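Here's the structure we're looking at; comments come further down.
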Number of protein chains: 2
Amino acid sequence: MTREQDEDGGRRRLRRPASIKDVAAAARVSPTTVSHVLSGNRPVAEETAERVRSVVSRLGYVPASTARNLQAGSTNVIGLLVPDITNQFFAELAKGVEDAAHDLGYGVILCNTEFDPDREDRYLELLRGRFIDGMVYASGSPPSRGRLASLLGRFPIALADEVVPGLLEQTILVTADHRAGGRLIGQHLRELGHRRVLAISGPTDLVSSLERIAGFREAFGDAGVTEVEGAFVERSGYHLVAAALEDGGPRHFTAVFAANDLMALGAIAALEDAGLRVPDDVSVAGFDDIMIASRVHPRLTTVHQPAYDVGRTAGAQLLSYVHRDEVPPASRHILPVRLKVRASTAPVRPPR
Amino acid sequence: MTREQDEDGGRRRLRRPASIKDVAAAARVSPTTVSHVLSGNRPVAEETAERVRSVVSRLGYVPASTARNLQAGSTNVIGLLVPDITNQFFAELAKGVEDAAHDLGYGVILCNTEFDPDREDRYLELLRGRFIDGMVYASGSPPSRGRLASLLGRFPIALADEVVPGLLEQTILVTADHRAGGRLIGQHLRELGHRRVLAISGPTDLVSSLERIAGFREAFGDAGVTEVEGAFVERSGYHLVAAALEDGGPRHFTAVFAANDLMALGAIAALEDAGLRVPDDVSVAGFDDIMIASRVHPRLTTVHQPAYDVGRTAGAQLLSYVHRDEVPPASRHILPVRLKVRASTAPVRPPR
DNA sequence: TTGTATGCGTTATCAA
DNA sequence: TTGATAACGCATACAA
């Protein structure tokens, strides 16, 4: 047994790991031979190879990736930028990216921006040093186009989930079909007989949010749609619906379409607090199909987004170019969504 | 404007980024000076510095981290190994680690094992190359002690959430106080008058799971506790409760303590499917306080685990040693938990 | 079948 | 105030 550490004033410092030279010396061969035994890049006499392997094993030698990275000019690591990893959607997306990367022997470095532009900037600055071979960018918020564009020349970038205006035509884009999802809800509510709907959008600088509402209008028609701008959080849905109810006069909607599930939950809470029943008095539909959507009461009608597939596709697309050291041409990958009809929507009943 | 890419048979290949030599040449100074202008490690004449900065900016030069890493012998990146990033608990934990890392300018490389030992092994093998400066290990399953031990000499490791038998006394350990959590539930049920409880443990090779049950028994007493082994998934809770109900004879419990929330949800479903009401006929308590625990019907009584704090503490502890290039001495950090009394538990009512 | 020499891009040491 | 040189650890072109 070799000692793992050296004592030093009560503190133990990490030992210098064995290098290829140490192995070469102990096996009485050149570093070149050690390298080739391990890589298989050229034939080595079995006897020699065996001797080397035995030393490698004895010293616990593992090639230093830092040196390899410098030599190879690549790290086999891609970056993943998300706004909030505890958000189920981005967690699923991250898993997809991670799976795609793992399949090709790549690692994923996680950049969690918490929707903080400064934090995002710091991360992007960090990544400019070419630490990574590519990046999946899913910022979830209107991104700083400038910084991103400057990275585009350094390594491939795939945009996931959200369009980055101005970069759209320059690289890979993978999103769910937000527009089709909006259409599905629009059609569903119309079929249930609803004619007056309160539509709560997300932030209007997010293309995905705009697309959802646009799709809704396509299928439902513009007439009877009252649109208000929300913020993709529960409180927002609550306040907007509460405000709409307090407007005085008779209720001017029989259904609510919230551009994400959290806002839909807020909407339901506001309706119930106002003494209205969902879906008997008012129907509510959301978007995303987050985990709790199927477990709340009433179970939420919504549109399922293929978050995992978005991540996986973005990762796989990205890596197919990273691998060949090529700049990805512009491409769009729009993944299908599914309508989930549950218990929060029902045939219209005229307002009292 | 310089061209960002070179055309090559319709495919665009990435341009070689400017190196310190390019900058030095263009600014008519030595690479040493460029380095010092950027690092501030030694004084440079303002005139020279200005010339260098202007070239840096013009060429878009950023020091290659790969070369820095080799030179410095460190990467400013730590690894984070989790079983499932889409699990709310591990997502919170990851966020904590990521925050701690970001505060000190470190990146986090995400290793999602999906509870697959092979996948975990592949990751650990990858990381042996000292790509990372340290690791937070939260495998969520009984870990391969051997492989981990061999890494312990290469870089600091902090164990998060789950004890790794045999490594416990060798490095940092950060967990929630599972035992105290179990006690809180035991005491709560006892105070409600329950005397016969079905306790569903998690996998018995997980120390955290054993601790929860042990704590429960400490507070509740051993008498009246029927213990069965579950698997930390909803189905498991369902089946075990369904089986217990079908045992024939009168029901032998008035409350269920499931060692995690998912199993508790399964338990509730099984009870309701059997025509029993929760909590009127049977009380159910869980553990973890996952997001849906407070939104299901009935809202689940459970123990809140400080997942974020576990991650953040593990990350901060780890980095305090990484920073000084020291082997962390054994230390335990046991974070407090909180009882969340909600609607799924009620005073006992004798079985029919 | 194996070895020598070189270079990857940076920073540290030493010298001027 | 600045520069030349070595070194980090590896992989590879070239040589034998």
Side-chain angles (χ1 to χ4, degrees), chain A residues 14-53 55-56 59-76 126 128-133 154-155 325, chain B residues 14-53 55-56 59-76 126 128-133 154-155 325:
Chain A
L14 291 162
R15 232 179 29 136
R16 184 181 71 81
S19 81
I20 199 170
K21 280 186 196 166
D22 302 329
V23 175
R28 303 186 315 277
V29 295
S30 74
T32 306
T33 298
V34 175
S35 174
H36 284 119
V37 168
L38 265 48
S39 72
N41 277 352
R42 90 180 176 191
V44 176
E46 183 47 41
E47 192 191 9
T48 314
E50 193 42 56
R51 202 167 67 238
V52 169
R53 275 193 287 268
V55 172
V56 163
L59 300 186
Y61 168 71
V62 179
S65 3
T66 48
R68 280 197 152 149
N69 292 341
L70 176 59
Q71 156 71 24
S74 62
T75 57
N76 276 24
L126 200 72
R128 299 192 75 224
R130 289 196 39 78
F131 189 87
I132 57 173
D133 294 347
R154 305 187 84 86
F155 45 71
D325 206 36
Chain B
L14 291 162
R15 237 183 21 140
R16 185 182 70 80
S19 79
I20 198 169
K21 280 185 194 166
D22 302 329
V23 175
R28 302 187 314 280
V29 295
S30 73
T32 306
T33 298
V34 175
S35 175
H36 284 120
V37 168
L38 266 49
S39 71
N41 276 352
R42 88 180 179 192
V44 176
E46 184 48 39
E47 192 191 8
T48 314
E50 194 43 57
R51 203 167 66 240
V52 169
R53 277 193 287 267
V55 171
V56 162
L59 300 186
Y61 167 72
V62 179
S65 4
T66 48
R68 281 196 155 154
N69 293 341
L70 177 60
Q71 157 70 27
S74 61
T75 57
N76 276 25
L126 200 74
R128 300 192 74 223
R130 288 195 41 76
F131 189 88
I132 56 173
D133 295 346
R154 304 187 86 85
F155 44 72
D325 205 37

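Here is the naming used below: chain letters follow the sequence lines, and residue numbers restart at 1 for every chain. Computed from a predicted model, the values in this text were never measured in an experiment.
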Return the value, rounded to whole Å, for the distance between atom [atom1] of [X] and atom [atom2] of [N].
| X | N | atom1 | atom2 | answer |
| --- | --- | --- | --- | --- |
| B:Ile20 | C:dA12 | CD1 | C1' | 12 Å |
| A:Lys21 | D:dC10 | NZ | C1' | 10 Å |
| B:Glu47 | D:dT2 | CD | C1' | 13 Å |
| B:Arg28 | D:dT1 | CZ | P | 19 Å |
| A:Arg154 | C:dG9 | CZ | P | 12 Å |
| B:Leu38 | C:dG9 | CG | P | 16 Å |

5'-most by nearest nucleotide on DNA chain D - A:Asn41 or A:Pro17: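 Per heavy-atom nearest nucleotide, the more 5' residue is A:Pro17.
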
A:Arg42 (side chain) and C:dG3 (base): donor-acceptor pair under 3.5 Å: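 Yes, the side chain and the base share a sub-3.5 Å donor-acceptor pair.
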
Donor-acceptor pair present, B:Thr32 side chain and D:dA4 base, under 3.5 Å: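 Donor-acceptor pair under 3.5 Å: yes.
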
Upstream residue (5' side of DNA chain C) when A:Pro31 and A:Pro43 are each assigned their closest nucleotide: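 Per heavy-atom nearest nucleotide, the more 5' residue is A:Pro43.
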
Of A:Val29 and B:Tyr61, the one whose closest DNA chain C nucleotide lies more 5':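 The residue mapped nearer the 5' terminus is A:Val29.
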
Touch class at under 4.0 angstrom, heavy-atom based, for B:His36 against every strand present: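 If one applies the 4.0 Å heavy-atom cut-off, B:His36 turns out to touch nothing in the nucleic acid.
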
Sugar-phosphate, base or nothing in reach of A:Thr48, heavy atoms under 4.0 Å: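 The residue A:Thr48 makes sugar-phosphate contact but no base contact.
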
Look only at the side chain of [X] and the backbone of [Y], and say whether a donor-acceptor pair between them is shorter than 3.5 Å.
| X | Y | value |
| --- | --- | --- |
| A:Asn41 | A:His36 | no |
| A:Arg130 | B:Ala64 | no |
| A:Ser74 | A:Asp133 | no |
| A:Thr75 | A:Phe131 | yes |

Contacting residues from residues 64-72 of chain B, given that a heavy atom lies under 4.0 angstrom of DNA chain C: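 Of all residues in residues 64-72 of chain B, the ones placing a heavy atom under 4.0 Å from DNA chain C are B:Ala64, B:Ala67, B:Arg68, B:Gln71.
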
Pair B:Arg42-B:Thr32, side chain to side chain contact (heavy atoms under 4.5 Å, CB included): steps then yes or no: CA-CA 10 Å; B:Arg42 88 180 179 192; B:Thr32 306; 3.6 Å; yes

B:Glu47 atom CD, over 12 foreign heavy atoms within 6.0 Å: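 Check fails, neighbour count at 12 or below.
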
Residue B:Ser35, side-chain heavy atoms: nucleotide from C:dG9, C:dT11, D:dA11 that is nearest: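 Among the listed nucleotides, the one closest to the side chain of B:Ser35 is C:dT11.
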
Residue A:Arg16, side-chain atoms from C-beta onward, closest of D:dG9, C:dT1, D:dT2: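 Between D:dG9, C:dT1, D:dT2, the one nearest the side chain of A:Arg16 would be D:dG9.
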
N/O (side chain, A:Thr33) to phosphate O (OP1/OP2, C:dG3) under 4.0 Å: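 Answer is yes, contact under 4.0 Å.
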
Minimum side-chain heavy-atom gap A:Val34-A:Pro31 below 4.5 Å: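 Not in contact.
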
